[in-house]
Amino acid sequence: MKLIRSFSVDHTAIVPGIFVSRVDEVGGGTVTTYDIRLKKPNREPVIDVAAMHSLEHIIATYLRNDNDWKDEIIYWGPMGCLTGFYLILKGNRSPREIYGLLLGAFKSVNESQEVPGATAVSCGNYLMHNLNMAKWYASEFAAYLEENADNPAIFEYPQTERLVTGEGQNFFDS
Ligand SMILES: [Zn+2]
């Protein structure tokens with residue numbers, strides 16, 4: 001294994017924000033995977049797992065019902081490290097272009113009376129939810145986004161060297 005200089009990100013330097021994780025050509029179209037990071041990796045406590053699960057349900061429902069965006073949404077889901085979410089959209093927009101969408105999504109959590117789809121039929125672990133904690137994390141992140149709207153650091157990864165394993169494959173884990 002060796003270190004090479006490439007487009008890469010040092011997780012010990014990531015701050016919360018909205019970042020482009022990768023851009024792919026799929027089936028003749030472009031899709032962009034965004035890193036929606038709520039917590040500093042390895043430097044602050046992660047999101048409570050039940051709250052994370054509720055945020056997954058509530059925001060997925062929001063995104064798939066937003067008339068301006070629902071046809072652009074491919075995927076919304078939690079990172080296993082519990083510090084953020086992945087959002088996959090059609091196209092290749094900059095993080096600033098989806099700032100308003102995400103601010104609206106996280107603000108909507110406070111209006112939720114219940115967690116959508118939290119039933120045994122619709123969810124794989126329907127008892128593992130925490131709406132009140134989900135509201136707390138969502139409000140914290142929405143306030144952070146508003147306070148940092150003009151801060152470039154919330155839209156661009158810190159650049160460093162990335163560990164390359166085997167046949168030039170970058171090690172990706174979030
Ligand atoms: Zn679920």
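Note that ligands are numbered from 1 as they come in the structure, with each ligand's atoms numbered from 1 the same way.
Residue Tyr126 shares its hydrophobic cluster (ILVMFWY side chains chained together at separations under 4.5 Å) with Leu127.
Using a 4.0 Å cut-off between a side-chain N of Lys or Arg and a carboxylate O of Asp or Glu, Lys107 and Glu146 qualify as a salt bridge.
For residues 69-78, every residue pair satisfying the side-chain hydrogen bond (donor to acceptor under 3.5 Å, both in side chains) rule, not counting sequence neighbours, is listed here: Asn67-Lys70, Glu72-Arg93.
Between Ile18 and the choices Ile36, Ile154, Leu87, the side chain to side chain contact (heavy atoms under 4.5 Å, CB included) rule is met once, by Ile36.
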Which atom pairs, one a donor and one an acceptor, fall under 3.5 Å between side chains of residues 95-105 and the rest of the protein, sequence neighbours left out?
| unit_1 | atom_1 | unit_2 | atom_2 | d |
| --- | --- | --- | --- | --- |
| Glu97 | OE1 | Ser94 | N | 2.7 |
| Glu97 | OE1 | Ser94 | OG | 3.2 |
| Tyr99 | OH | Leu145 | O | 2.8 |

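In this structure, a donor-acceptor pair under 3.5 Å is present between the side chains of Tyr157 and Asp35.
Counting only distances under 2.8 Å, and ignoring water, the protein N, O or S atoms around the Zn ion (ligand 1) are His53 NE2, His57 NE2, Cys123 SG.
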